Amino acid sequence: MIKRFLLLSGLLVLVIQGNLQAQIVSEDDEIERQLLASTKQLNQFFSRFNGEEDTKGREFEPEDRQYRNSRLRKRFLSILFDEENAGFSESLFEEFVNKVTSDDQPIFLDLQAKEWFAVVNTTFRYKGRSMPLTLYMQIQEEGLGYEWVIADISFEPYKTLFDKQRGQTKEFLHPMSHELDFMNLRKAMVKDGSPESYTLADFEPDLLTVFLYDVKMGNLTFETVNRLNYHFFSVDGWYFSLNNFNRPGYNTGWLISDLVKINAQQKEDLLKLLYDKK
Amino acid sequence: MNRRYIQLLAIAFIAVFTSTAVMAQNAVDPNREKAIDSLALEKVKDLGKYIKIIGNKSTPYNEATRVMDRAEELFAPGSEMGVSSLAKEEIEYYKVREYFRRLMALNYDKVTIEWYDVHYISDLERQPDGRYVGVVTIYQKFEGTNGDKLAYKDTTKKDITIYVEKKETQIAGRTIEFWDVILGDIRVSETSI
């Protein structure tokens, strides 16, 4: 109930301000109010989350009493959640909002915030076919500024590429191979064979390196980005994800679509799931 | 250097220039950032005007070509437009010039391009080479008509990269630093509105 009230009051402020200030062609009034309400960039998500701009997207000066104002933040936060498909309870929402806007330890987000990343679903051409490939991207400091970098990838053909057999049935170099100057390597290192069978027991392939190699060799060719979303572990004990909602209405743009309260173990499990790890 | 560019440069000087002695090397002062935002928006508006002229069916070919040249000057070399529609989520990539040519060649009797009075300018973030980068978001309404009939209509969101770089010039033997803005890649996505 409170969440709905906050949302409505947030929207009302947007609409009233839009009515008063927008200088627009009359038939486009409604559209422009919707565009104004939309969280148009991730940058705007951060600014609204932090209470650093007004409802028209104009930045507050740090000395402005509205800057990072807790009441303003609560109002903005109410419109930063996906209202149509949200699968979390109102009490969870309230708990989260109270935590990030608390007077003693408020939490703010920005591009350099800790523990958040982008999941970018792309298409690459591989062996003559267009195939989905997921890139996990992170922001890092470099040189005089910051850059987005690829932290990891997930690609179906790679998943079984280095599946290693274990025990009695696996291929091996017998324990006296040294006496033969390892001449049996000739039979082990062959195309379409299982060279991974001849590695240490704890061998773990670095699939990012394989990906980079394939891109360099021209075996993987970038085609397009299909969609992306962002995952945040920046608020201790919480996880939320952001998706872009391209639809008519006032609750659009970059919005929180998942909100979960998590402990350390759940965080670890969730990260494995998001990174598509076993 | 064309006249428009000189005008923009003049705006940049008036708005953001300062002597080398007092200029911090690595930071964009918040007041200066506002001036840079205005300059960026000015360039984006120029791009909007050029797109309208290029898309206008009554613009003669020679004039459209000349305007394409001018529009291209706003961009960093190699800039691309990444276009997606509601029907097709994959992004198609075009060089800026190719995008303009496709716009000019659209098969409608009349094309109307208008811009909504809504924009959003991101913060400027510093990249590893020391230049600053930001994104200006604007919305465009497009209508293509054949005869009296509306054949196609869409509203697109345009997220426009802006690069901000500190440059130097000599005026009357004095070195003046100024911030220059140049456009980069543009992401064009159709909206559901």
Side-chain angles (χ1 to χ4, degrees), chain A residues 18 21-25 27-48 52-53 56-59 61-63 110-112 121-123 130 139-149 222-228 244-249 252-253, chain B residues 25-28 30-31 33-34 37 82-86 88-93 112 114-141 143 153-161 163-166 185 187 189-193:
Chain A
Q21 295 171 10
Q23 298 167 358
I24 44 182
V25 186
E27 68 263 31
D28 293 330
D29 275 8
E30 171 62 16
I31 290 177
E32 293 209 346
R33 279 198 291 269
Q34 288 184 21
L35 295 177
L36 209 57
S38 178
T39 306
K40 294 167 275 298
Q41 297 182 8
L42 196 65
N43 191 107
Q44 187 164 35
F45 174 84
F46 290 143
S47 291
R48 287 179 166 178
E52 291 169 352
E53 64 176 44
K56 295 252 313 180
R58 290 175 300 221
E59 273 183 275
E61 299 294 340
E63 57 271 18
D110 62 21
L111 211 60
Q112 290 89 42
N121 296 103
T122 66
T123 302
S130 292
I139 283 268
Q140 76 173 13
E141 202 169 356
E142 178 66 47
L144 297 169
Y146 288 83
E147 61 175 347
W148 276 102
V149 291
F222 175 81
E223 288 193 336
T224 189
V225 170
N226 301 92
R227 61 189 178 283
L228 70 155
N244 190 22
F245 293 91
N246 184 0
R247 62 191 176 200
T252 64
Chain B
Q25 269 305 308
N26 298 323
V28 181
N31 290 327
E33 190 166 336
K34 278 184 190 147
D37 284 353
V83 184
S84 66
S85 66
L86 291 174
K88 205 173 164 197
E89 67 175 6
E90 299 93 78
I91 302 168
E92 296 203 29
Y93 304 87
T112 312
E114 298 292 339
W115 305 85
Y116 285 102
D117 189 25
V118 174
H119 66 261
Y120 187 80
I121 308 175
S122 75
D123 297 330
L124 290 174
E125 296 290 341
R126 203 161 196 215
Q127 49 183 43
D129 64 4
R131 286 194 300 166
Y132 289 84
V133 64
V135 173
V136 177
T137 298
I138 53 166
Y139 293 88
Q140 175 196 278
K141 184 167 75 174
E143 284 180 1
K153 182 183 174 183
D154 72 16
T155 297
T156 50
K157 178 178 184 238
K158 288 189 163 62
D159 297 304
I160 304 167
T161 313
Y163 293 107
V164 178
E165 194 174 1
K166 195 193 287 180
D185 292 341
R187 174 79 172 92
S189 47
E190 187 183 352
T191 70
S192 301
I193 287 170

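Note that this is a predicted model, so its numbers are computed, not measured. Atom set for the values below is all heavy atoms of this structure, side chains included, hydrogens, waters and symmetry mates excluded. Here is how names work: the chains are called A, B, and so on, in the same order as the sequence lines, proteins then strands, and each is numbered from 1.
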Can you sort out the partners of B/T161 under side chain to side chain donor-acceptor pair (under 3.5 Å), two or more places apart, ordered by chain and number?
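Applying side chain to side chain donor-acceptor pair (under 3.5 Å) to B/T161 gives none.
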[X] vs [Y] side-chain heavy atoms within contact, under 4.5 Å:
X: A/N246; Y: B/T191; answer: yes
X: A/T39; Y: B/Y120; answer: no
X: B/I193; Y: A/L35; answer: yes

Could you grab the distance from atom [atom1] of [X] to atom [atom2] of [Y], nearest 0.5 Å is fine?
X: B/E90; Y: A/E223; atom1: CD; atom2: CD; answer: 9.0 Å
X: A/I31; Y: B/D117; atom1: CD1; atom2: CG; answer: 13.5 Å
X: B/Y116; Y: A/L36; atom1: OH; atom2: CG; answer: 13.5 Å

Examine whether an atom of [X] lies under 4.5 Å from a heavy atom of chain A, and if so say whether it belongs to the side chain, the backbone or both; otherwise answer neither.
X: B/K88; answer: neither
X: B/D123; answer: both
X: B/E190; answer: backbone

Please evaluate residues A/V225 and B/Y93 with respect to the criterion side chain to side chain contact (heavy atoms under 4.5 Å, CB included), reporting the C-alpha separation (whole Å), side-chain torsions for both, the decisive distance (0.1 Å), and the verdict. CA-CA 10 Å; A/V225 170; B/Y93 304 87; 4.1 Å; yes
Has A/K40 got a side-chain atom pairing as donor or acceptor with B/K157's backbone, closer than 3.5 angstrom?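 Absent.
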* Per-residue contact mode, A/S47 against chain B (heavy atom under 4.5 angstrom) ->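 Only the side chain of A/S47 comes within 4.5 Å of chain B.
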**OP:** With sequence neighbours excluded, tell me which residues meet salt bridge (Lys or Arg N to Asp or Glu O under 4.0 Å) with B/E125.
**Re:**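 Checked B/E125 against salt bridge (Lys or Arg N to Asp or Glu O under 4.0 Å); zero matches.
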- For each of A/R227, A/E147, A/Q44, A/Q34, tally heavy-atom pairs with chain B at distances under 4.5 Å, and name the one with the top tally.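 Heavy-atom pair counts peak at A/Q44.
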